[in-house]
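Order of appearance sets the numbers: ligands from 1, and atoms from 1 within every ligand.
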Amino acid sequence: MVDFTKVPTRVGFFAPERFEADIHDCEVIGKVPKDLNGTFFRVGGDWFYPPLFPDDAVLNADGYISAFRFKDGIVSYKGRYVRTRRYELQKAANRQLFGYYRNPFTDDPSVRDPERPYLRTVANTSPLVHAGKLFALKEDGLPHRIDPVTLDTLGPWDFEGAWKSQTFTAHPKIDPVTGEMIAFGYEATGLATDDLFIYTIGRDGKVKHEQRIKVPYVSIVHDCAVTQKHILLPFGGYVTSMDRLKAGKIHWGWDATKPSYIGVLARDGDGKDIRWFKGPERCMMHTFNAYTEGSKIILYAPFYDSNFFPFFPPIDGTPWNPQKAKAYVRRITIDLRSKKDTWTEEILWPFNVSDLGRIDTRFMTLRQRYGYTSFNDPDRPFDEARAGNLRGRVSNTYGRFDFETGKLNRYFVGPTHSLQECCFVPRPGSREEGDGYLIGVASNYAEMRSELVIADAQNLEAGDVARVILPFRSTAQVHGIWADASELA
Ligand code: V55
Ligand code: FE
């Protein structure tokens, strides 16, 4: 029997969906640009069965992939669960079998296997397209290959045996100059291990280079940044251990006494030459981009002051502090000539933003000017009377942050809506940074449905050029990407 009554998020906009969807030729308000020929892929989590532990992390929900396919000015939608081994085992058992986020010791005895934690991945974090293949990613397991047309799951992918880590990050970076992908896996050799393997994968999808490192302490290494020369691995604060896992706790706790780190290594180098730069207590999850200029590395990132996730509690027993769970757009400068192991940091805008930042990916690894992310503009209040069924935090605005001039441009979605992560879509035929569209899914709380908004990225103040209306709440994404039709031909 399916019983969600103990799950706090069982009501409201992000209640589980538990269905799969196909809509040909969605309802549209406005005009979808006719020149867009490609797909907005999104990956997120949707509990098919309720979690075994009601206080589990939402990051443990079953992977779900959805696609908005654009062609000739019409948009079609499709949504499917990712058929992980875990999803199939649970479907066969008609119940939840897996316990806390990344703690196999809390699994049902019928599936408990702490030696092979990667087998319990949910593939719920981000889509990736590289070398003509589509994947759904989660940092605790291997990529799952997905058929880009049907969204059927084709199974885990280990790069023909050349990928030796048990895990694969949700945030690889693709170099637009060489077509190479840089990716890594942490806890690479098992639960709570300090091994991290980094791979360069050629334009052809084959592994070209491997580097192996040890981390200063085992933590979430969620994202990275790649320049033309360097790989940056930022992390901090979250801790785990075999003792913690055997005690039946959720994988991560927060240790405010731990420094943050940014590991820097040469793309073509050897892992043993990694240099670790050290900073204060900091929750470093997502990056915008980085580039190398002379002896300096400039990193733009919307890092948090401290622990963002209430479900990964402080290990000292103090309560989670929402005041410190705030992300700011930051510039971090690392001077490779300096003998010191520190960086300098500036907060570029004084208000907090969503840390799900994006750039025009044609400029990934290069000197880029703009970052895009969502935030809550207090001058544009939420309409509680018309949309009082709000659950969670509101992001009512997409911003284009100009790192050169400090200018901020804003797209406001409306007083009854909240925005998920945005995605930059280049205008076909354009070359200039920022020439394109900013798209993203909005939650319409007044009508309890999802809407894909499409705005001109160079004229955000004008509002959207089109809105694609879904007649239901689409499973929330964690991350999304745009893939031009030519990338998946
Ligand atoms: C994040 C998301 C995850 C995860 C670890 O946003 C970190 C950060 C959706 O899953 O497992
Ligand atoms: Fe992420």
Going by ring-ring contact (aromatic ring centres under 6.0 Å, His included), Phe288 matches just one of Phe403, Tyr300, Tyr372, Phe401. Which one? Phe403

Do we get Arg212 above Phe197's six-membered ring, with its NZ or CZ under 6.0 Å from the centre and within 45° of the axis? yes

Apply the ring-ring contact (aromatic ring centres under 6.0 Å, His included) test between Trp482 and each candidate in Phe424, Phe41, Phe70; give the one that qualifies. Phe70

Compare every heavy atom of Tyr217 with every heavy atom of Tyr238, then report the nearest pair and how far apart it is. O-CE1, 3.6 Å

Here's one to test your reading of the geometry: is the NZ or CZ of Arg69 within 45 degrees of the ring axis of Tyr77 and under 6.0 Å from its centre? no

Can you spot which of Tyr49, Trp47, Tyr81 makes a ring-ring contact (aromatic ring centres under 6.0 Å, His included) with Tyr87? Tyr81

Closer than 4.0 angstrom, basic N to acidic O: yes or no for Asp152 and Arg83? no

Any idea how many protein N, O or S atoms are nearer than 2.8 Å to the Fe ion (ligand 2)? 4

Would you say NZ of Lys78 has more than 12 non-hydrogen atoms from neighbouring residues, nucleotides or ligands within 6.0 angstrom? yes

Residue contacts for ligand 1, heavy atom to ligand atom, distance under 4.0 Å: Leu59, Tyr101, Asn124, Thr125, Lys138, Glu139, His222, Met285, His286, Phe309, Val478

Aromatic ring proximity, centroids under 6.0 angstrom, Phe184 and Phe168: no

